[in-house]
Amino acid sequence: MTELITAVEAYDIRFPTSRHLDGSDAMNPEPDYSAAYVIVRTGGGQEGHGLAFTVGRGNEIAVAAVESLAQLVTGLPVAEVLGDLGGMSRRLTGDSQLRWLGPEKGVIHMAAGAVLNALWDLRARRAGKPLWRLLSELPPEEIVDVVDFRYLEDALTREEALAILRTAEPGRAERRARLLAEGYPAYTTTPGWLGYTDDKLVRLAEEAVADGFRQIKLKVGADQAEDVRRVRLARETVGPDVRIAVDANQAWNVGQAVEWLAPLAEFDLYWIEEPTSPDDVLGHAAIRKQVAPIKVATGEHTHNRVMFKQFLQAGAIDILQLDAARVAGVNENIAILLLAAKFGVPVCPHAGGVGLCEMVQHLSMFDYVAVSGTAEDRVIEYIDHLHEHFTDPVVIRDGRYVAPERPGGGAEMRPASRAEYAYPHGPQWAADTVADGVDGL
C-alpha cells in the first residue's frame, strides 16, 4: 500500500522576548521571537518539522500562508515527494495563483520554505542522517536537480554548478572527518542587543571571549554617539585580536551609512551588516566602495536567489548572509551557496531567532563539505537563547558549532514548548490576551 502525506499542519508559536529586550535593535526595538511552525505527517506515522521565523505580530499571516500551501502536498505519495524535492519546490513556489502573492518573495515564499524544510527534515529522518550529512553525501547530479536555475543562468548554469560540486567531491570524506572532530566556527551576537546595559554588554562580551569566540557583533543605528561609546567599550573589553562586527538592521540611507560609520572606523570593525534597505543592490555597492576596508554584509532579508545573484554580480557585498527560513527552504539555499561559491564570496549565515541556529548549521556544514570546501573567513551566527525548546539544540564548544549527529534538519520543537507558547491561548500568553480583551485570534 502506498504511503501518503496525510497532513501539513501549521501552528502559531510565540516567545515573549520583548519582556527582557532580547533581540532588540534599531528597527526592531521590542521583538517577540515567533515561528509559523510546520509539521508534515505521513500515513506511516513519521513527521517532518520546519518553520518560518517572524518577530511577533503577523505570525498568524505566515500560519495562514502555510495552510494555503498544504493542499499542494497533502495526499501525495511520500516516496514520490521525497524523491523529487526539486519538483516539489517548483510546485510550491510556482503555483499559478499563489505565486501572484510574491512572486517568490514575502510571506508566501517563507511559508513555502517552511514546508520544504519540513520535507527535507522528513527525508533526513527516514535516511537516519543529520541533514548536513544527507546533503553532503548526495551525488553532484542529484544536488543540482533540486535547484531551480530559472533566472540564474546569466550568472550560474547547471554545468557550472556541477563543476563546483565535482571539484569539491574528492575532499568530502576528509572535510567531513575534520568537521566532526573540530566543529564549525561561530560568532556571537549575544552581547550586542541595543536594549542591554553597559554592564551586561561587558559581562557578556567577556564571557564570549572566555568561551572561545573570536568574533562578536553589536547592534547600531539608533544613536551615533551611543554607538561610538558602546563600540569603544566593547573593543576595550575584548582587546585587539577579537573581531567586532556591527549591524544596523537597515536603519540608514546610503549617504547616512557612510557618515555614521566614519567615527566607528577607528575600532577596526570587521563588517557592517544591513546598512540600508535589503533590496538596494546599488546602494550596498556604493556603501561598500566608500567604507572599505570595513566589509559589507547582508542577506537575512534578501527575498530570493535572484536578489542574491544581483548582489554578487554588482560586487555589492563582501559577506553573504543567507537565512534558513527567509527563502524557499533548503532548495533555494543550495542555489545561493552555489552562487556564492561561483563568485568567491564567504557565506556567514544569519541565525539566532527561533530555531535558526539549529537549522542553518546544516547549510554551512554542507557548504564546507560539498560546495565551497573551505571554512576560511566563514562563521555561523550564534545567540544564546531559546535553544532549550528544541529536541536537538545546538552545541557550542570553544566558540565552534559541534556537528549534529541526530537525524533531521534541527527544527523540531519540544511538544511541551509548543503547548506553552502557542498563541494566543498557551499559558505564556493566556493572561496577556485576557487582560487585553483578545479572544480567539
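Heavy atoms only: backbone and side chains are in, while hydrogens, waters and symmetry mates are out.
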Would you check, one step at a time, whether the test side chain to side chain contact (heavy atoms under 4.5 Å, CB included) holds for Tyr423 with Glu60? CA-CA 9 Å; Tyr423 186 85; Glu60 72 279 4; 5.7 Å; no

Determine, step by step, whether Val40 and Asp121 satisfy the side chain to side chain contact (heavy atoms under 4.5 Å, CB included) criterion, reporting the C-alpha distance in whole Å, the side-chain angles of both residues, the deciding distance to 0.1 Å, and the verdict. CA-CA 9 Å; Val40 173; Asp121 177 68; over 6 Å; no

Candidate pair Tyr33 and Phe15, rule ring pair (Phe, Tyr, Trp, His ring centres under 6.0 Å), full reasoning: CA-CA 5 Å; Tyr33 278 7; Phe15 296 88; 9.0 Å; no

Between Val345 and Val347, is a side chain to side chain contact (heavy atoms under 4.5 Å, CB included) present by the stated rule, with each step listed? CA-CA 7 Å; Val345 172; Val347 175; over 6 Å; no

Ser372 vs Thr374, side-chain hydrogen bond (donor to acceptor under 3.5 Å, both in side chains): CA-CA, chis, key distance, verdict: CA-CA 5 Å; Ser372 70; Thr374 181; 5.9 Å; no

Would you please test Tyr184 and Met365 for side chain to side chain contact (heavy atoms under 4.5 Å, CB included) and show each step? CA-CA 7 Å; Tyr184 195 99; Met365 292 174 187; 4.1 Å; yes

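Inter-residue side-chain proximity for Phe390 and Glu412 is flagged as unmet; no heavy-atom pair is nearer than 4.5 Å. Side chains of Asp318 and Arg288 form a contact here, defined as non-hydrogen atoms less than 4.5 Å apart. Using a 4.5 Å heavy-atom threshold, the side chains of Trp120 and Asn331 count as touching. When side chains are defined from C-beta on, Val231 counts as touching Leu269, because their heavy atoms get closer than 4.5 Å. When side chains are defined from C-beta on, Leu92 counts as touching Val73, because their heavy atoms get closer than 4.5 Å. Inter-residue side-chain proximity for Ile108 and Trp100 is flagged as unmet; no heavy-atom pair is nearer than 4.5 Å. Side-chain contact between Pro185 and Ile380 is absent, with no heavy atoms from C-beta onward closer than 4.5 Å. Taking 4.5 Å as the limit, some side-chain heavy atom of Gln46 sits within range of a side-chain heavy atom of Leu122.
To the nearest 0.5 Å, the span separating CG on Leu51 from CG on Leu356 amounts to 7.0 Å. How far OG1 of Thr17 is from CH2 of Trp193: 9.0 Å, rounded to the nearest 0.5 Å. Atom OG in Ser68 sits 8.5 Å away from atom CG in Asp95 (nearest 0.5 Å). For the atom pair OG1 of Thr42 and CD of Glu47, the computed distance is 8.5 Å after rounding to the nearest 0.5 Å. Distance check, rounded to the nearest 0.5 Å: OG1 of Thr190 to NE2 of His385 gives 7.5 Å. Note: Asp279 CG to Gln250 CD = 8.5 Å, rounded to the nearest 0.5 Å.
Distance alone, capped at 3.5 Å, is enough to place a donor-acceptor pair between the His362 side chain and the Trp132 backbone. Without hydrogens or angle criteria, Thr391 side chain to Arg414 main chain gives no donor-acceptor distance under 3.5 Å. Using a distance-only test at 3.5 Å, with no hydrogens or angles considered, no donor-acceptor pair links the side chain of Thr74 to the main chain of Gln71. Remark: the backbone N or O of Gly255 is not paired with any side-chain donor or acceptor of Asn253 at under 3.5 angstrom. Of the possible polar contacts, one joining the Arg418 side chain to the Met413 backbone as a donor-acceptor pair under 3.5 Å is found. Between the side chain of Lys342 and the main chain of Ala155, a donor-acceptor pair closer than 3.5 Å is present. Side chain of Thr6 to main chain of Arg41: a donor-acceptor pair is present (N/O by atom type, distance under 3.5 Å, no hydrogens or angles). Side chain of Asp227 to backbone of Gly221: a donor-acceptor contact under 3.5 angstrom is found. Put simply, the side chain of Thr157 never gets that close to the backbone of Glu153: no donor and acceptor are under 3.5 Å apart. Panel note: side chain Asn117, backbone Gly409; no donor-acceptor pair is recorded below 3.5 Å.
Counting only N and O atoms by type, the side chains of Thr189 and Glu381 include a donor and acceptor under 3.5 Å apart. Side-chain atoms of Asp154 and Gln313 form a donor-acceptor pair, as typed in the model, at a separation below 3.5 Å. Counting only N and O atoms by type, the side chains of Tyr37 and His49 include a donor and acceptor under 3.5 Å apart. At a cut-off of 3.5 Å, with distance as the only test, no side-chain donor of Asp323 or His301 sits close to an acceptor on the other residue. Tyr151 and Lys309 form no side-chain donor-acceptor contact under 3.5 Å, judged by distance and modelled atom types alone. Glu332 and His109 share a donor-acceptor pair across their side chains, judged by distance under 3.5 Å alone. A donor-acceptor contact closer than 3.5 angstrom is absent between the side chains of Trp271 and Asp247. In summary, the side chains of Glu358 and His387 do present a donor paired with an acceptor at a separation below 3.5 Å, with no hydrogens or angles considered.
In this structure, Arg305 pairs ionically with Glu104, as a charged nitrogen and a carboxylate oxygen lie closer than 4.0 Å. A salt bridge links Asp12 with Arg14: the distance from a Lys NZ or Arg NE/NH1/NH2 to an Asp or Glu carboxylate oxygen falls below 4.0 Å. A salt bridge is absent between Lys219 and Glu273: the closest approach of a Lys/Arg side-chain nitrogen to an acidic carboxylate oxygen does not fall below 4.0 angstrom. Residues Lys129 and Glu137 are paired through a salt bridge, judged by an N-O separation under 4.0 Å between the basic side chain and the carboxylate. The residues Arg126 and Glu3 are annotated as salt-bridged, a charged nitrogen and a carboxylate oxygen being separated by less than 4.0 angstrom. Taking the charged nitrogens against the carboxylate oxygens, Arg158 and Asp145 do have a contact shorter than 4.0 Å, which makes a salt bridge. Look at Arg166 and Glu141 and you find a salt bridge, because one of the NZ, NE, NH1 or NH2 atoms lies within 4.0 Å of a carboxylate O, short of that distance.
Remark: Glu388 CD is packed, more than 12 non-hydrogen atoms of other residues, nucleotides or ligands lying under 6.0 Å away.
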For a quick test of your reading: what N or O donor-acceptor pairs under 3.5 Å do the side chains of residues 75-87 make, sequence neighbours left out?
from  : atom 1 : to    : atom 2 : distance (Å)
Asp84 : OD1    : Gly87 : N      : 2.9

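Taking the ring centre of Tyr270 as origin, the terminal cationic atom of Arg243 falls inside the region bounded by 6.0 Å and 45° from the ring axis.
Across all non-hydrogen atoms, the minimal contact from Leu386 to Gly353 is CD1-O, 3.6 Å. Contact record, Ala335 with Leu152: CB-CD1, 4.2 Å, taken as the closest heavy-atom pair. Tyr196 and Pro191 get closest at one heavy-atom pair: CD1-O, 3.9 Å. For the pair Ile383 and Cys357, the tightest heavy-atom approach, listed with the atom from each and the gap, is N-SG, 4.0 Å. For Gln215 against Ala245, the heavy-atom pair with the smallest separation is NE2-CB, 3.8 Å. Between Ala168 and Ala370, the shortest heavy-atom distance links the atoms CB-O, 3.5 Å.
The side chain to side chain donor-acceptor pair (under 3.5 Å) test with His350 is passed by exactly one of Glu300, Arg326, Glu274: Glu300.
Between Phe311 and His284, the ring planes lie perpendicular to each other; the angle is over 60°, past the 30° to 60° tilted range. Classification of the Tyr382-Tyr401 ring pair by plane angle, with boundaries at 30° and 60°, yields perpendicular.
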